[in-house]
Amino acid sequence: FGPGLRCCQRVFSWIPVLIITSVVLWSYYAYVFELCLFTLTNTLEKVVYLLVFHVCFVMFSWTYWKSIFTPPASPCKKFQLSYSDKQRYEMEERPDAQKQILVEIAKKLPIFTRAQSGAIRFCDRCQVLKPDRCHHCSVCETCVLKMDHHCPWVNNCVGFSNYKFFLLFLSYSMLYCIFIAATVFQYFLKFWSGDLPNRPAKFHVLFLMFVALMFFVSLMFLFGYHCWLVAKNRSTLEAFSAPVFLSGPDRNGFNVGIRKNLQQVFGEERRLWFIPVFTRLLTLYYHFLLSNVHVSQGNGHYFPLKNRSSESQNPLLANEDMWEESDDGSEEGSLGELF
């Protein structure tokens, strides 16, 4: 019964995505065929509308696809308990002793946040020490790096691997809606006042106007909220519950300035900010491996802190080879383990 129930949950979880897809496909038909091809008479206007519309449609579809099908990044093997540590942890019955075991293991990792109780954050289900800003998603059944939230409209966890895609999806959705509303408005008035013949196009144009405005207003508030989160370098989870450091809770613990906050999400190449490609991972690890210093913009497992003095308390940063080397001694191993 358990596997069958989970299978049904997975099937039903695609319903919001199918609703959005159906609305978008209908809007494509209504705009391209009913408005541009069947209603517009000016050839130049028709060509311009179709050209700009398809650019918006392609960017919207591309970002939506990337938001849905980019798998959430999980902690690499460095954060998993070794066989000996796992045995030692499970055989120990005293909670205080278990916490001390996790503290000893965490000294070798770039972990600076704690649970509300002050203990090392550990996921019993995934058997990993949680990196900073990592949380377990009960829907995806995995720990997600820099988890923001689980979004039913993309049927995916929004986190380190796809947060940029999600923000671009919101922005291009707004652009798609506002372009439709702006270009349809004059024909909406003509159909409403009876200046154009009462054809099936009338109802498509009327609904296009209402749907575009409705979605734009709702997306505007959501996009504005996430822009505020990016400027403050917070996730949605951190906005509701401040991350806890050795010095105590601090909502601004990861806030390193607007410019660097933006770079953590969109990358250092501004030319690629508005393109839904992952611009951070390879660049960050390239600098990390060549310069032999910890990554300045965050790599999903480590993020620079506002209070830099707390970093010096972690012996990892005094001997960074402990973090660079993989289990087989090769530097490249950590790059492949990120996914």
Side-chain angles (χ1 to χ4, degrees), residues 16-70 151 153-154 156 162-224 226-227 230 262 265-267 269-279:
V17 176
L18 292 177
I19 292 174
I20 294 294
T21 303
S22 301
V23 172
V24 172
L25 290 177
W26 163 77
S27 69
Y28 182 91
Y29 166 79
Y31 191 90
V32 173
F33 291 92
E34 295 293 344
L35 177 67
C36 292
L37 298 183
F38 300 155
T39 303
L40 298 184
T41 56
N42 188 304
T43 304
L44 179 61
E45 184 182 25
K46 185 182 301 186
V47 170
V48 172
Y49 280 14
L50 286 174
L51 180 61
V52 178
F53 172 83
H54 279 91
V55 171
C56 296
F57 180 81
V58 168
M59 296 307 297
F60 164 81
S61 302
W62 189 6
T63 53
Y64 192 42
W65 176 275
K66 296 286 284 188
S67 299
I68 295 172
F69 294 105
T70 300
C151 180
W153 298 108
V154 299
N156 198 4
N162 63 350
Y163 190 50
K164 173 187 175 181
F165 306 149
F166 179 75
L167 291 177
L168 291 179
F169 159 63
L170 294 181
S171 60
Y172 284 118
S173 298
M174 291 175 56
L175 182 63
Y176 183 75
C177 291
I178 198 64
F179 173 78
I180 289 178
T183 53
V184 163
F185 182 68
Q186 60 173 318
Y187 298 97
F188 168 82
L189 294 178
K190 291 180 180 180
F191 275 121
W192 190 265
S193 60
D195 292 341
L196 290 176
N198 191 9
R199 296 179 54 256
K202 172 181 180 179
F203 302 99
H204 287 285
V205 169
L206 294 179
F207 279 112
L208 262 180
M209 188 69 188
F210 285 121
V211 172
L213 288 178
M214 180 183 67
F215 273 94
F216 174 77
V217 171
S218 59
L219 289 168
M220 180 178 61
F221 287 105
L222 182 60
F223 181 70
H226 278 280
C227 287
V230 171
L262 288 171
V265 176
F266 295 101
E269 289 290 335
R270 294 189 179 183
R271 295 172 297 178
L272 301 177
W273 278 15
F274 301 101
I275 306 297
V277 293
F278 196 90
T279 53

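Numbers here simply count residues along the sequence, with the first being 1.
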message: To the nearest 0.5 Å, what is the distance between CZ on Phe191 and NZ on Lys202?
response: 8.5 Å

field: Trace of the side-chain contact (heavy atoms from CB on, under 4.5 Å) decision for Phe60 with Cys56
entry: CA-CA 6 Å; Phe60 164 81; Cys56 296; over 6 Å; no

- prompt: Between atom CG of Leu167 and atom CZ of Phe223, what is the distance when rounded to the nearest 0.5 Å?
  reply: 6.5 Å

message: Once side chain to side chain donor-acceptor pair (under 3.5 Å) is applied, do any residues pair with Trp65, and if so which ones, sequence neighbours excluded?
response: none

message: Using the side chain to side chain contact (heavy atoms under 4.5 Å, CB included) criterion, which residues pair with Lys66? Sequence neighbours excluded.
response: Trp62, Thr70, Phe165, Pro276

message: Rounded to the nearest 0.5 Å, what separates atom NZ in Lys46 from atom CG in Leu51?
response: 15.0 Å

task: Using the test side chain to side chain contact (heavy atoms under 4.5 Å, CB included), find all partners of Ser61 that sit at least two apart in sequence or belong to another chain.
output: Phe57

query: Does Cys36 offer a backbone N or O that forms a donor-acceptor pair with the side chain of Thr39 under 3.5 Å?
result: no

field: For Ile178, side chain to side chain contact (heavy atoms under 4.5 Å, CB included) partners two or more places apart
entry: Leu175, Phe216

message: Are Leu37 and Leu50 packed together at the side-chain level, in the sense that at least one heavy-atom pair is separated by less than 4.5 angstrom?
response: yes

query: What residues, two or more places apart in sequence or in another chain, satisfy side chain to side chain contact (heavy atoms under 4.5 Å, CB included) together with Leu44?
result: Asn42, Val48

field: Atom pair CZ/SG of Phe215 and Cys177 - distance to nearest 0.5 Å
entry: 7.0 Å

All side chain to side chain donor-acceptor pair (under 3.5 Å) counterparts of Tyr187, not counting sequence neighbours: Glu45

query: Side chains of Trp273 and Leu168: closer than 4.5 Å at any heavy-atom pair?
result: no

query: Between Val154 and Ser67, what is the shortest heavy-atom contact and its length?
result: CG1-CB, 4.0 Å

Separation between CG of Leu208 and CZ of Phe185, rounded to the nearest 0.5 Å: 14.5 Å

query: Counting distance only, does the side-chain N/O of Asn156 pair as donor-acceptor with the main-chain N or O of Phe69 below 3.5 Å?
result: no

message: Give me each pair satisfying side-chain hydrogen bond (donor to acceptor under 3.5 Å, both in side chains) with a member in residues 27-38, each pair once, sequence neighbours excluded.
response: Ser27-Tyr176, Tyr28-His54, Tyr29-Glu34, Tyr31-Thr183

field: Results of ring pair (Phe, Tyr, Trp, His ring centres under 6.0 Å) for Phe166 - residues two or more places apart only
entry: His149, His226

task: Return the minimal non-hydrogen interatomic distance between Lys164 and Val265, and the atom names on each side.
output: CB-O, 3.5 Å

- request: Heavy atoms only: give me the nearest Trp153-Val17 pair and the separation to one decimal.
  value: O-CG2, 3.6 Å

query: From Leu219 CG over to Leu170 CG, what is the distance, rounded to the nearest 0.5 angstrom?
result: 6.5 Å

